[in-house]
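As structure tokens, the structure follows; a few thoughts come after it.
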Amino acid sequence: MTPSPVWHPFTQHGLGEDIPLIARGQGAVLHGADGRTWIDAISSWWVTTHGHAHPRIMAAIREQSEKLDQIIFAGWTHEPAETLARGLIEITPGPLTRVFFSDSGSTAVEVALKMALGFWHNREKGGHGEQRHKIIVMEHSYHGDTIGAMSVGARGVFNRPYAPLLFDVTAIPFPAAGGEQATFDALDAACRDHAAAFIVEPLVLGAGGMLMYSADVLAEMAAICAAHDVLFIADEVMTGWGRTGTMLACEQAGVIPDILCLSKGLTGGAVPLAVTLAGEEIFMAHWSDDRADCFFHSSSYTANPIACAAANANLAIWREEPVQARIDALAALQTEQLAAIASHPLVAGTRQCGTIAAFDIVADSQGYLSSWSVHLAGFGKAHGVLIRPLGNTVYVMPPYCTTPGQLQTIYAVVREGLEAAGR
Ligand SMILES: *Cc1c(COP(=O)(O)O)cnc(C)c1O
């Protein structure tokens, strides 16, 4: 066979790593075309919530595909999108009244930033306030890989070549235990400097290394923003859909964001779709009889009917299946496994938030490019577990259907991987 022309994401093709061909996915298990199987310990990069090929989501996709595949969404609408928007309004806090569709977490973030900037621009134009452009971000954050999303994310090896094009933001320190006051002070100072919005991942900074902070800190940050009229944007692209133990991470802090980004688990992880929810004030800032004030954002597949049907099936699963009980059970199993591995000499900083468990490997190499991630991901690939550490941070974030036996296997392989490196 000729070499594959596929250019993979976040893959150094020069290293010649094994790239398995996956033919089928069922529950927490991926089946290779060559008969190998893997337990999906990272929910296929944080998207698969209920497990692969949930029958209800698959049926919804099949049914919708026979009715309406795609329709322009500017000036037209369809039943799956209308139902989904109403369903989302029902499960999110009351003040969020408007749903804007897009296709990925990155676009949900771009939309959120544009909504915030448009809000201040249109208000100023209408004589109700000042121009505000500045976006406040948290150190170590990740919000996606498009230029705007990279601009509000941590700078580093991921985006060094593009750095000259990224826009300026004000970064506040991560609220590490004991250092929370420095975060609050920096946020307060940044808010006073005419900021437009603060964007943050609630409770868990995912790609930044599964860094966790408390609900109290989240609540305090939201309060500081509110005191200065700075829009609070919650990027729940990863934390949403039960990952942190509740449907939304913000719930745990009683925080109602001004703008909320959801994607990944929105369709149960089956097909790409994203939404950005906003309150009435932000919507109304774009409402007038002047077309120039409308929200100028669209992508070809905005609110694709098949993707919306998959998301409606996901909502039905949340309503009708014991999803919360599965999450609670998985979280309890994670606590046990994490406690057992905590005493390993190479393991430090064990932490958990809901279904997400993480720890750091005690080693001299740091950062995303550390050889630990390469070693353990490769070891997992060779031993039936899909894991992908972030530098020297190992995390386990499997689908909610993962059985106790499967979770045990995941941790056993991680442990063997740690020991294999020592030999
Ligand atoms: C994954 C992620 C994104 C980007 O989502 P994509 O669908 O990969 O574009 C944005 N924000 C957070 C917090 C994420 O984890």
Side-chain angles (χ1 to χ4, degrees), residues 8-11 40 42-49 100-116 135-156 158-159 162 166 169 171 174 197-213 218 221 232-244 247-250 255 257 259-277 297 299 301-304 307 310-311 314 353-356 358 368 388-391 393 395-397:
H8 287 269
F10 277 63
T11 300
D40 190 349
I42 62 162
S43 297
S44 281
W45 243 351
W46 320 348
V47 300
T48 309
T49 47
F100 192 93
F101 291 94
S102 63
D103 328 284
S104 71
S106 301
T107 53
V109 166
E110 297 280 350
V111 165
L113 297 172
K114 286 174 71 172
M115 278 178 179
I135 307 290
I136 309 171
V137 306
M138 183 178 280
E139 176 194 25
H140 303 310
S141 293
Y142 176 78
H143 298 290
D145 284 336
T146 53
I147 294 283
M150 280 193 291
S151 296
V152 294
R155 308 297 160 99
F158 303 98
N159 45 43
Y162 330 112
L166 303 185
V169 295
F174 175 79
F198 172 49
I199 181 166
V200 73
E201 298 164 82
L203 301 187
V204 186
L205 273 56
M210 298 298 157
L211 303 174
M212 301 177 187
Y213 61 89
L218 179 59
M221 293 191 302
F232 187 89
I233 304 173
D235 177 356
E236 294 235 25
V237 168
M238 187 278 278
T239 54
W241 305 105
R243 276 295 161 203
T244 68
M247 168 71 89
L248 295 178
C250 280
V255 162
I259 302 178
L260 170 67
C261 305
L262 296 172
S263 185
K264 293 193 169 126
L266 170 58
T267 60
V271 284
L273 185 68
V275 287
T276 307
L277 279 79
H297 192 95
S299 49
Y301 289 101
T302 299
N304 173 263
N314 171 46
C353 186
T355 68
I356 308 167
Y368 180 80
R388 196 182 163 95
L390 296 153
T393 298
Y395 68 93
V396 176
M397 194 198 289

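We count ligands from 1, going down the list as the structure has it; atoms in each ligand are counted the same way. Predicted, not measured: the structure shown is a model, and the values here were computed from it.
Using cut-offs of 30° and 60° for the angle between ring planes, the F158 and F10 rings count as tilted.
For atom 8 (O) of ligand 1, the nearest protein heavy atom lies 4.0 Å or farther away.
Remark: ligand 1 atoms within the under-4.0 Å shell around heavy atoms of S104 are 7 (O), 9 (O). Those atoms of ligand 1 that come under 4.0 Å of a heavy atom in G144, given as number and element, are 4 (C), 10 (C). Which parts of ligand 1 touch W46 is read off a 4.0 Å heavy-atom cut-off, strictly below it: atoms 15 (O). Atoms of ligand 1 lying under 4.0 Å from any heavy atom of M238, numbered from 1 in the order shown and given with element: 15 (O).
A donor-acceptor pair under 3.5 Å links the side-chain atoms of T355 to the main chain of R243, judged by distance alone. Between the side chain of E139 and the backbone N or O of A154 there is no donor-acceptor pair closer than 3.5 Å. Between the side chain of E236 and the main chain of C250, a donor-acceptor pair closer than 3.5 Å is present.
Pairing each heavy atom of M150 with each of R155, the nearest pair is O-NE, 3.9 Å.
Nearest protein heavy-atom neighbour of atom 13 (C) of ligand 1: D235 OD2, 3.3 Å.
Taking distance alone, with nitrogen or oxygen atoms compared against 3.5 Å, S106 approaches ligand 1 more closely than that limit. Residue G105 places at least one N or O, backbone or side chain, under 3.5 Å from an N or O of ligand 1. An N or O contact shorter than 3.5 Å is missing between E201 and ligand 1 by distance.
Two residues are said to be in side-chain contact when any heavy atoms from C-beta on lie closer than 4.5 Å; V111 and I259 fail this criterion. With a 4.5 Å cut-off on side-chain heavy atoms, L262 and L248 count as touching.
Of the candidates K264, H143, E236, the one placing a heavy atom closest to atom 2 (C) of ligand 1 is K264.
Judged purely by distance below 3.5 Å, without hydrogens or angles, the side chains of S44 and D40 pair a donor atom with an acceptor atom.
With a 4.0 Å cut-off on non-hydrogen atoms, W45 does not touch ligand 1 at all.
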